[in-house]
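Lettering follows sequence order; numbering is per chain, from 1. Since the model is a prediction, treat every value here as computed from it, not as a measurement.
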Amino acid sequence: MKYDFSAIEKKWQDIWEARNVFAASDDYSKPKYYALVEFPYPSGQGLHVGHPRSYTALDIVARKRRLQGYNVLYPMGWDAFGLPTENYAIKNHIHPEIVTKQNVARFKSQLKSLGLSFDWNREINTTDPSYYKWTQWIFLQLFKKGLAYKKEMSVNWCTGCKVVLANEEVVNGVCERCGSEVVHRVKSQWMLKITEYAQRLIDDLDQVNYIERVKTSQRNWIGRSTGAQVDFGTTAGDTLTVFTTRPDTLFGATYMVIAPEHPYIQKWADRIQNMDAVKAYQEEAARKSDFERTELVKDKTGVMLEGVRGINPVNGKEIPIFISDYVLVTYGTGAIMAVPAHDTRDWEFAKKFGLPIIEVVKGGNVEQEAFTDCATGVMVNSGFLDGLSVEEAKVKIVDWLKEQGKGEPKVNYKLRDWVFSRQRYWGEPIPIIHCDHCGFVPVDESELPVRLPEVESYEPTGDGDSPLSAIDSWVNVTCPKCGRPAKRETDTMPQWAGSSWYFLRYCDPHNDKALASKEALNYWMPVDWYNGGMEHTTLHVLYSRFWHKFLYDIGVVNTPEPYAKRTSHGMILGENGEKMSKSRGNVVNPDDIIKEFGADTLRLYEMFIGDFEKAAPWSQSSIKGCKRFLERVYNLLEMRGAGDGYSKELESSFHKTIKKVSEDIEQLKFNTAIAAMMSLTNDIYSQGKVTDQELKTFILLLNPFAPHLTEEMWEQCGFGGMVTQQSWPEFDPAKCQDAQVEIVAQFCGKIKARLMVDADSSKEALLEAVKSCPEMKSLLEGKTIVKEVVVPGKLVNIVAK
RNA sequence: GCCGCUGUGGUGGAAUCGGCAGACACACAAGACUUAAAAUCUUGGGAUGGCAACAUCGUACGGGUUCAAGUCCCGUCAGCGGCACCA
């Protein structure tokens, strides 16, 4: 029988669509399961073979859950705002909305050809005004709670995209998206106070089931460090506060450093005698791009402030103050106490500038290098701290500082507030009006959405403002508060805005009264299983957790965390083991694969290719093996024979396979689940016949992986109904066990024989069986047994001399 | 530099708790079918020595613990990913 995959796949895709088989029901009395994959950015290139890896994996989970009786929500949509579409629009003078429409249509037909069981009734699009209405609404709530604010600040400016970037979007000093140089620019920007949630974003990781590397990355990114804030006096009379994680080394502080942008420099301008040199250094630091700054990490530079000195609160000693760009104005207090003996950076700086190095923790050679080990050292040259361990000294000095009113314990985070403004067209307009009298006034909620106006050109203006700023009729409005002339905010939101809450909209996608109804949210949330790329760990996943927590705080959602479980798939690489890209010429188009091998084969291959969490190279020849397997499965129909239930020969194989496939799917071990089904097929082939019960079970197990073929087989067998209406097979643990098992007989740890024994043999019986087998008998002849090890069902090891 | 992960045949990869290394596939080779090829089916295979039974070696490298180590411990090397002047 020929396996005509094209006809079979088309047939069942049409049936599924016509019968609306995969629609999530609004019957909230059933147990629910919410499976989610990251919705794609509909790029002009169409679907990549990487996309189906994630989509198929959770499609398997979703299909299995339906068979297990759950009301399953497995939705899909489009994260369609963003730069590539806008750039394409600029180049080709086509409205981004039209470009988006075309790309979405292509993506959608490609996804449908994969037989993914998405509920297309709940399709969403972040560029749809009825969707971004609620993105804007959330922004307004953030604004009203003081979590959105505008700030004049130095921002990351991408010289290629001509747009402001969030810290998360700058990778090694260049733009994450286009690779262009990123420089600093001072601009007034909308910011979101994600830092206010830093501690909760760390703490609540304990409540969720994320794979460990995602948790670690998030913790590292948030970068919590505990220490103390210490007030140093200055000869100018001002207090200079520093943050340190090593307050124990206070006696070793031989100088101080402040960031080039530190406000005290201006304040002390009259006292600083070498202001020219200081100013020159400040200008130089400002000019450096992020890239140059990271490149020049090793070479410490700086200028000493002449005319102002710091005073160490612990001993009253005067010490010099430097400015240097190795101290960042955005972290801590923008000022540090430098302890060259016990900090590598301070040590390098001190060596270069010939500053004293005072050892206060014994254990290293501080003339050779900084001694930074906290665990073993003992305090010296530190007055009342002498003799204490580092940990004891930390406690004691902080207590002392508190008593003296010169310091207190302090926690700092590397996480910065989220730069939320983009000077671009193709994004959600920020719904704020600038009034000279009233300041920033939120657009009234009844006026939402603030729609994107038609413009002539999508190019940003020369001064870096959004193209929206050129549309006078849109910009000029009256102030909602006082009625005077006012102007709209012309910045738009970053791409991450729409994706920060999209999973909520799926719960109730057509609601025009709220972002989703309370009932729908209470029922569907949290997402039970969310799979996506590692690259979104510190961007999308962190941002959406932040928004979700905020929505929780204002009572919109009822769970503090959006995702109960988060997993991540590895990339699919080109055949040469490199990342797939147009320029490398190693891109595989899923359409071609579906045409040549069929969607079921592509799905199966992507799941069989290797460890789901690791990167795997594409192999055009391996895919043939998956096709061959499906053909063999289809040909099982010709082996259909008489007999009820499972045949004696295959009963335990079936129970074992049900167990293996059921468990492997839950642990992302799709490759071994498929291997188990291949083995079972080989077993059936060697029997030469298959019963109806066996066929039914096999079809059900394979269905989540190869849904079209299995539906077709089910129908051809005349089993009645559709596979999607059946129940997931159950296994009997008792029947997973064979009556007889092979055990290994070892002599001094080396295998000498294998023998079949009853599975329930006692230890004594096993030992006796092994001792009496001919191979062991001759080996044991005339020797004294030293040790006997018996592992039931596995082996017996006899050590003798 | 710091943190995390990984290292197994010609290839992708298997191997709950330490208990038969190499499941399942790809590629390869031989055979069957065929005028022939493709497809399909059957068989084979870690390496070395041996006709063979068998022996020795073998999970990046060097040590260790153990009756028994891919798995645990110490050290080294290589690759990948993240963070990176965060005080």
Query - The single option from A:Phe608, A:Phe612, A:Tyr605 passing ring-ring contact (aromatic ring centres under 6.0 Å, His included) against A:Phe670 - result: A:Phe612
Report task. Tell me the partner of B:U16, counting only Watson-Crick (N1-N3 plus N6-O4 or O6-N4) or G-U wobble (N1-O2 and O6-N3) with both under 3.5 Å; none if nothing fits. Result -> none
Query raised in the report: Quick one: are the ring centres of A:Phe698 and A:Phe654 less than 6.0 Å apart?
Result: no
Report summary line: As its Watson-Crick or G-U partner within any shown strand, both distances under 3.5 Å, B:U66 has none
Query raised in the report: Are A:Asn671 and B:A14 close enough that a side-chain N or O sits under 4.0 Å from OP1 or OP2?
Result: yes
Query raised in the report: Within 45° of the axis and under 6.0 Å from the centre of the six-membered ring of A:Phe705, does NZ or CZ of A:Arg603 qualify?
Result: no
Report task. Could you check whether the rings of A:Tyr634 and A:Tyr3 sit parallel, tilted or perpendicular, using 30° and 60° as the cut-offs? Result -> tilted
Query raised in the report: Mapping A:Gln746 and A:Tyr331 onto RNA chain B by nearest heavy atom, which one lands closer to the 5' end?
Result: A:Gln746
Requested in this report: Write down the distance separating the P atoms in B:U48 and B:G58, rounded off to the nearest Å.
Outcome: 15 Å
Query raised in the report: Does A:Lys750 put a side-chain nitrogen or oxygen below 4.0 Å from OP1 or OP2 of B:G19?
Result: no
**Report entry** Interatomic distance at P, B:U66 relative to B:G45, whole Å
**Finding:** 37 Å
Requested in this report: For the side chain of A:Val799, starting at C-beta, report the closest nucleotide among B:A15, B:C67, B:C83.
Outcome: B:C67
Query raised in the report: Between A:Phe349 and A:Phe322, does the ring centroid distance fall short of 6.0 Å?
Result: yes
Report task. Measure the distance from NZ on A:Lys624 to P on B:A27 and round it to the nearest whole Å. Result -> 5 Å
Query raised in the report: Can you tell me if the side-chain N/O atoms of A:Asn682 get under 4.0 Å from OP1 or OP2 in B:A25?
Result: yes
Output one line per pair: protein atom, nucleotide atom from nucleotides 70-73 of chain B, and distance, for all N/O pairs under 3.5 Å.
none

Query raised in the report: Between the side chains of A:Gln199 and A:Tyr413, is a donor N or O closer than 3.5 angstrom to an acceptor N or O?
Result: yes
Query raised in the report: Cut-off 3.5 Å, side chains only: do A:His536 and A:Glu38 have a donor facing an acceptor?
Result: yes
**Report entry** Complementary nucleotide of B:U6, counting Watson-Crick and G-U pairs under 3.5 Å
**Finding:** B:A78
Query raised in the report: Taking OP1 and OP2 of B:A55, is either one under 4.0 Å from a side-chain nitrogen or oxygen of A:Lys752?
Result: yes
Query raised in the report: Hey, is the side chain of A:Lys787 poking within less than 4.0 Å of OP1 or OP2 on B:C67, counting only N and O atoms?
Result: yes
Query raised in the report: Just by distance, with hydrogens left out, do A:Arg632 and A:Asn682 show a side-chain donor and acceptor under 3.5 Å apart?
Result: yes
Query - Test item: side-chain donor near acceptor, A:Ser568 and A:Tyr210, under 3.5 Å - result: no
Query raised in the report: Can you tell me how far P in B:G22 sits from the matching atom in B:A29, rounded to whole Å?
Result: 25 Å
Requested in this report: For B:C28, give its Watson-Crick or G-U wobble partner with both distances under 3.5 Å, or none.
Outcome: B:G44
Query raised in the report: Can you find a pair of side-chain heavy atoms, one from A:Met607 and one from A:Lys669, that are under 4.5 Å apart?
Result: no
Query raised in the report: Taking the same atom, P, in B:U40 and in B:A52, what whole-Å distance lies between them?
Result: 33 Å
Query raised in the report: When you check the phosphate oxygens OP1 and OP2 of B:A87, does a side-chain N or O of A:Arg246 lie under 4.0 Å from one of them?
Result: no
Got a list of protein N/O to nucleotides 1-7 of chain B N/O distances below 3.5 Å?
none

Query raised in the report: For atom P, what is the distance between B:A53 and B:G44, given to the nearest Å?
Result: 14 Å
